[in-house]
Amino acid sequence: MIIPELLAPAGNLEKLEAALAYGADAVYLGIDRFSLRAGSACLSLPELAKACDLAGHYGRRLYLTLNAFLRPGEEADFRRLLMELRPLPVDAYIVADPGALAMVRDADPERSLHLSTQANVTSAGAAQFWQALGVKRLNLARELTLEEIRAIRAQVSLELEVFVHGALCVAYSGRCLLSAAMTGRSANRGECAHPCRWNYAVQEETRPGEAFGIEEDARGTYLFNSRDLRLIEHLPRLIAAGVDSLKIEGRMKSRYYVAAVTRVYRAALDAFRADPAAWRVDPLWLEELETVSHRPYGSGFLFDSAETGVHPADSRYRQSHLFVGAVLDDGGPHGWLVEGRNRFAVGDALELIGPGMRQTRFNLQIARNEDGEPLGIIQPNARVRLELPSGARAGDLLRKARTASGAIA
Ligand code: SF4
């Protein structure tokens, strides 16, 4: 049985490093043009060159998202970009637009092509159509059931990729106009304002300004909201279905999110590789997936579409822990160099986490600024020297538990 690739998001170089260090076999990322993410979730072209070096250093694969649907007037820019990208050792381009696909085949025929979930492939016929056009791998539509994934696998030979973790749209991915219609920010251009997660009321047409509230909880009603996807419990079934790549959603998510989620799925896949018959969901994996910001989890459309979709009771984001700092070096006589991400203090109960499910709880005793002066409070973005448990390494992350009310413990 083939263990699928674990494919993690990398919204910037820092997140790329986290994805690689915490166990991704491959990463996907976008640059500031023709990628369905805007602003901070994209790399510049020089950063992409660095990203290729870093992935090469780790011996992992790197895929570039070029999955925007092109508009008239954009083709020439897209062609120019393809020529600029050509020297870079990107393992595959992820495309959705048939015109973009044709241009890559023309300008860069040796480049592997993956089809984005934006193309909404839901049948073997569609998969074969894309394969005949040169696609090596496709990301199946999130809306397919396990049975349907199996049926497609039985009829096609190209690589199949599925999302296993992260946010779900309530519409077919990429086919949603809510954001473009309500805010002018098009989801298909990577600028979704997520209006599906807002709360809504009912208004009778002739009574403007008189909205009727519909209450699901004290905060209102979230008619279009969906749960987040979490398929870790179903990995053996996905592996048995013959899926080649398991993809984690979240180029906009934090470095901590990428590290924490990647390391859990890495651990689960490694456990399966070691002994498929003895594989069980480790409660620690589920606990760890609670530490990152997420909405209530579900299994998407894998078994029963009614289970996902709207979450009737509570659609708020939650996370059991707060990311407070990243370890930047391997330590020395004055402690480990740490960059703060959220405010924390000497005396706090913290956890240090690292690749391979390494984690240690400790109370922070000593903090100093870079001049060696003692500190009581560590502010976001401050660079400080901390006394950490032995075994801490560059790339480890620090977190702090929240209380049940959401406050920081
Ligand atoms: S509004 Fe919601 S469903 Fe529509 S694209 Fe954005 S996240 Fe997806």
Side-chain angles (χ1 to χ4, degrees), residues 9 11 15 28-30 34-42 65-71 94-97 100 115-122 138-145 161-203 214 216-217 219-231 247-254 257-258 261 292-302 304-319:
K15 296 174 198 177
Y28 64 101
L29 47 81
F34 304 110
S35 151
L36 288 190
R37 288 293 175 273
S40 60
C42 291
T65 54
L66 292 170
N67 55 346
F69 285 90
L70 303 180
R71 299 278 175 89
I94 303 172
V95 295
D97 181 293
L115 194 71
S116 165
T117 199
Q118 302 293 318
N120 308 127
V121 172
T122 55
L138 56 85
N139 185 298
L140 290 170
R142 287 172 167 105
E143 295 76 18
L144 292 171
T145 64
E161 180 182 288
V162 294
F163 276 102
V164 288
H165 199 92
L168 282 176
C169 285
V170 283
Y172 270 78
S173 307
R175 296 283 183 250
C176 174
L177 301 175
L178 269 183
S179 180
M182 294 174 74
T183 69
R185 290 170 51 184
S186 169
N188 187 242
R189 314 295 284 181
E191 296 165 347
C192 184
H194 307 300
C196 62
R197 296 162 201 179
W198 300 348
N199 49 347
Y200 291 86
V202 171
Q203 185 186 298
I214 332 164
E216 284 177 338
D217 66 19
R219 300 170 73 237
T221 300
Y222 309 92
L223 292 174
F224 307 119
N225 224 323
S226 61
R227 297 177 190 232
D228 279 2
L229 186 67
R230 186 192 68 196
L231 296 186
K247 187 169 190 174
I248 298 167
E249 182 273 346
R251 277 191 281 153
M252 309 283 279
K253 300 276 173 53
S254 71
Y257 182 98
V258 171
V261 175
V292 301
S293 174
H294 66 283
R295 288 177 295 158
Y297 286 126
S299 54
F301 295 88
L302 204 61
D304 176 2
S305 58
E307 192 216 327
T308 2
V310 179
H311 187 268
D314 183 356
S315 55
R316 279 169 284 186
Y317 279 95
R318 70 279 318 274
Q319 66 185 113

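Both ligands and their constituent atoms are indexed starting at 1 by order of listing. Only heavy atoms go into these numbers, but all of them, side chains included; no hydrogens, no water, no symmetry mates. If you're wondering where the values come from, they're calculated on a predicted model, not measured in any experiment.
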Using every non-hydrogen atom in the two residues, find where [X] and [Y] come nearest and quote the distance to one decimal.
X: V258; Y: P9; result: CG1-O, 3.6 Å
X: E249; Y: Y257; result: O-CE2, 3.8 Å
X: T117; Y: R142; result: CG2-NH1, 3.8 Å

Heavy-atom distances under 4.0 Å decide this one: backbone, side chain, both or neither, for A187 against ligand 1?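 Contact part for A187 vs ligand 1: side chain (C-beta onward).
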Measure C169 to ligand 1 on non-hydrogen atoms and call it side chain, backbone, both or neither using the 4.0 Å cut-off.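 Answer for C169: both.
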Counting distance only, does the side-chain N/O of [X] pair as donor-acceptor with the main-chain N or O of [Y] below 3.5 Å?
X: Y28; Y: I248; result: yes
X: R295; Y: R227; result: no
X: S179; Y: A193; result: yes

Can you name the atoms of ligand 1, numbered from 1 with element, that are less than 4.0 Å from a heavy atom of [X]?
X: C176; value: 1 (S), 3 (S), 4 (Fe), 5 (S)
X: C192; value: 1 (S), 5 (S), 6 (Fe), 7 (S)
X: P195; value: 1 (S)
X: R197; value: 7 (S)
X: H194; value: 7 (S)

